[in-house]
Every structure is written in structure tokens, then in C-alpha cells.
2 protein chains.
Amino acid sequence: MVETAIERQVERRLAESDVRFTRGRRAVIQALVEADGPKSAAELSVLIGAEVPVSSLYRTLAVLEETGVLAPHYSSPGLTRFELAEWLLGHHHHLVCIDCGQVEDLAVDEPTEQQIQALVSTVAKSVSFSETNHALEIEGHCAKCA
Amino acid sequence: MVETAIERQVERRLAESDVRFTRGRRAVIQALVEADGPKSAAELSVLIGAEVPVSSLYRTLAVLEETGVLAPHYSSPGLTRFELAEWLLGHHHHLVCIDCGQVEDLAVDEPTEQQIQALVSTVAKSVSFSETNHALEIEGHCAKCA
DNA sequence: CTTATAATGAGAATAGTTCTTGGTATGGAA
DNA sequence: TTCCATACCAAGAACTATTCTCATTATAAG
């Protein structure tokens, strides 16, 4: 089992918080490294298998969120999806399928991202909102549902 | 009680679907007309008062969503907020407070919106995603939590 | 004013998630 | 190694937002 660069970064971050990088936590990180977008507990449970019981899976997700390793994403009713935090995955946006609800990561090239950031900053300043980040969701039909 | 232009539009839309514009439904629309952003069932319940019981409120929200009058919005775990659909309220974006979770509408001027739309179209096309809409959420601290 | 249909209200039921409890594993000190 | 303190884990109960059920009430059309 080769350890990815992301896993090494997670390991270091967890160590800083005196949190152990156990089997269950490793399994979640690996599943998310391989995924192409945010995944819910149920989706991760399928990807990982019965090796991590549901109650532990939720606790693992909570721990990884608290330590800043995972970021929550909300786009479907009553269901939280998680993805690797931006310091691990890089700033990106999302394609949301309005048919099946799946969310896919979207990497935006640097010049375009700078234009987006500039627009966002201008708009936020115009209403005196102290902006810390932005999220752009493009809605439409994914390849499967098209 | 003065009837707003939005209420008249809702009335017409509901009539087309053979759905009645009853007191409870009217109360929800009025609350959302006065609100400055998407509201959850619990938040609406506070705004409207006990005159609309919880079970009816949820059903009302479902009916208004099905008829295309309301649009759901997800930004907090396990909780759906609703706002007037874009054909009633116009296209807009959101300011999301990362402290209290409240969401506020953000009207963007036409030239800026066109720039955003152009960027989104370009990006979507570059990954062959059939885009139907986009949503920009600016995250930060609201006036209360700043 | 009757009648068919739609809507309502109260509470039971459900789904996703969180908490509790009792037991297990791990890393460091002796 | 052995012990201890501190995570960590598994199973199921509990919780919260939401949906469903069903008996009752309101509404519009004839």
C-alpha cells in the first residue's frame, strides 16, 4: 500500500493535534483521495466496505472535520458530503447534477480563478461583507444523466 | 393586507396547477417576501407564528417547491432553507455566515453578473458539462457575527 | 346547499446523524 | 516487558429535521 503525499500531509496535521491516524481514518482519506468529488457517509460506506462500521464512520468524519482535514459540503437534503480540505486538494469549484445529485470537483485554471476572485472581492466589499472564501456551484446534467 | 406583485404571480402560478392559495401558503409567501434570504421551516415557524402548525408548514413548503414557487437551499447540516424561486425574486447570489449559518441574498449588478455568467459558461463548456444555472456563495462573517 | 376534492392538524413514523456506554488498542514511563 | 493513561472503537439508543397517516375541515363547482 503506497502512501500518497496527501496521506503524509494528513498524518502530520493529525500528529499536531495529538490525534492518531488509525485504520478507519486512513480508509476514509484513501477513499476521498480516489474520489472525484465530495462523498456522504453512506457513499463512503459503500466505497470502504464493512470494515468501518457506520457509527465509527460518522465519528471519524467528525474528527477529520474538526482537525481541518475534511470540509463539509451541502447540496442534497438531509445529507452531508465531505471532501478533502482546500489546503490538501487546492481551491476548486463544483459541478452539481440536478438529476442524480452527484457532485464533481471542477478545477479552474489560474487566470479564470483570479477573475472570479476579483469579482467576488468587489461584490463583497460593495456590501461590506467580510469575505473569507467563495464557492461556485455550476448546476446542470452530469455525463451519466445527460 | 395589501397583496404584493409577487403574491399575484404566485396566485396565478398556483391556479395553473390547480393548487389553492390558502391562508397557510399565503403566510409562507408573505414571510419569504419580507425575508432577506432563504429560511428554514423552523425559522419560518418563528416568523409566522403558531397559526401554521409544523406538519402543515412542511407540507406547504413541499407543495410550493413542487409548483416551482420556492427553491430549496442547502448550506447548513440537516436543514433545508427555502426562498422564492428566481422567476419571482430574480437571479441573485448568497452571503453565507460561517459563524451563525444565516444566509442573506445578494443582488449583483447586471454587468458583474454578465461577467460571472461568461466565466461560468466558458468553464462549463471546457469540461463538456451542460450547465443550466450557477450559484455563487460568498462565505464570511455577517454583520451580527463580525 | 350539496358534493367531490383539496387541504389541514395532530401525532406516529422515518432517515440521517450524534451520543452513550462499556470495552480495546496504543504509546510512554518505570 | 508491564503498567498506566489516554485515545479509540462497536453497538445500539437517542436525537432532530422531516415525512407520512388518517380523520376532519374547508373550498369551489354544479
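For A:P53, the side-chain atoms get nearest to D:dA11 when compared with the rest of C:dT8, D:dA11, C:dT17.
Following rounding to the nearest Å, B:L61 (CG) and C:dT8 (P) show an atom-to-atom distance of 12 Å. Nucleotide D:dC9 holds its P atom 12 Å from the CD1 atom of A:I48, rounded to whole Å. Atom CD of A:E43 is separated from atom C1' of C:dT17 by 15 Å (rounded to the nearest Å). In this structure, A:R26 atom CZ and C:dA25 atom C1' are separated by 16 Å, rounded to whole Å. The distance from atom CZ of A:R81 to atom P of C:dG16 is 12 Å, rounded to the nearest whole Å. Atom CZ of A:F21 is separated from atom P of D:dA7 by 18 Å (rounded to the nearest Å). The distance between atom NZ of B:K39 and atom C1' of D:dA17, rounded to the nearest whole Å, is 18 Å. For the pair A:L57 CG and D:dA11 P, the interatomic distance rounds to 13 Å; values are reported in whole Å.
Residues that satisfy the side chain to side chain contact (heavy atoms under 4.5 Å, CB included) test with A:D109, not counting sequence neighbours, are A:P111, A:T112.
Annotation: the span from B:L119 atom CG to A:E113 atom CD amounts to 9.5 Å, rounded to 0.5 Å. How far NE2 of B:H134 is from NE2 of B:H93: 3.5 Å, rounded to the nearest 0.5 Å.
Hydrophobic clustering places B:V123 together with B:F129 (ILVMFWY residues linked when any side-chain heavy atoms are closer than 4.5 Å, directly or through intermediates). B:Y74 is not connected to A:I138 by any chain of hydrophobic side-chain contacts under 4.5 Å among Ile, Leu, Val, Met, Phe, Trp and Tyr, and they are in different clusters.
Ranked by how close their nearest DNA chain D nucleotide is to the 5' end, A:G24 and B:P77 are led by A:G24. Residues B:L79 and A:D18 both approach DNA chain D. Their nearest nucleotides, taken by heavy-atom distance, put A:D18 toward the 5′ side.
OP1 and OP2 of C:dT18 both lie 4.0 Å or more from every side-chain N or O belonging to A:Y58.
As judged by a 4.0 angstrom heavy-atom cut-off over every strand, A:V63 is placed among residues making no nucleic acid contact. Within 4.0 Å of B:T80, counting heavy atoms only, lie sugar-phosphate atoms of the nucleic acid but no base atom.
The closest donor-acceptor contact from the side chain of A:R81 to the backbone of A:P72 lies at 3.5 Å or more, if one exists at all.
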Next item on the list: For each nucleotide in nucleotides 21-29 of chain D, reading 5' to 3', give B when a protein heavy atom comes within less than 4.0 Å of its base, S when such contact involves only the sugar-phosphate, and - otherwise.
Entry: ------B--
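In the model, B:E86 has a side-chain atom that pairs as donor or acceptor with a side-chain atom of B:H91 under 3.5 Å.
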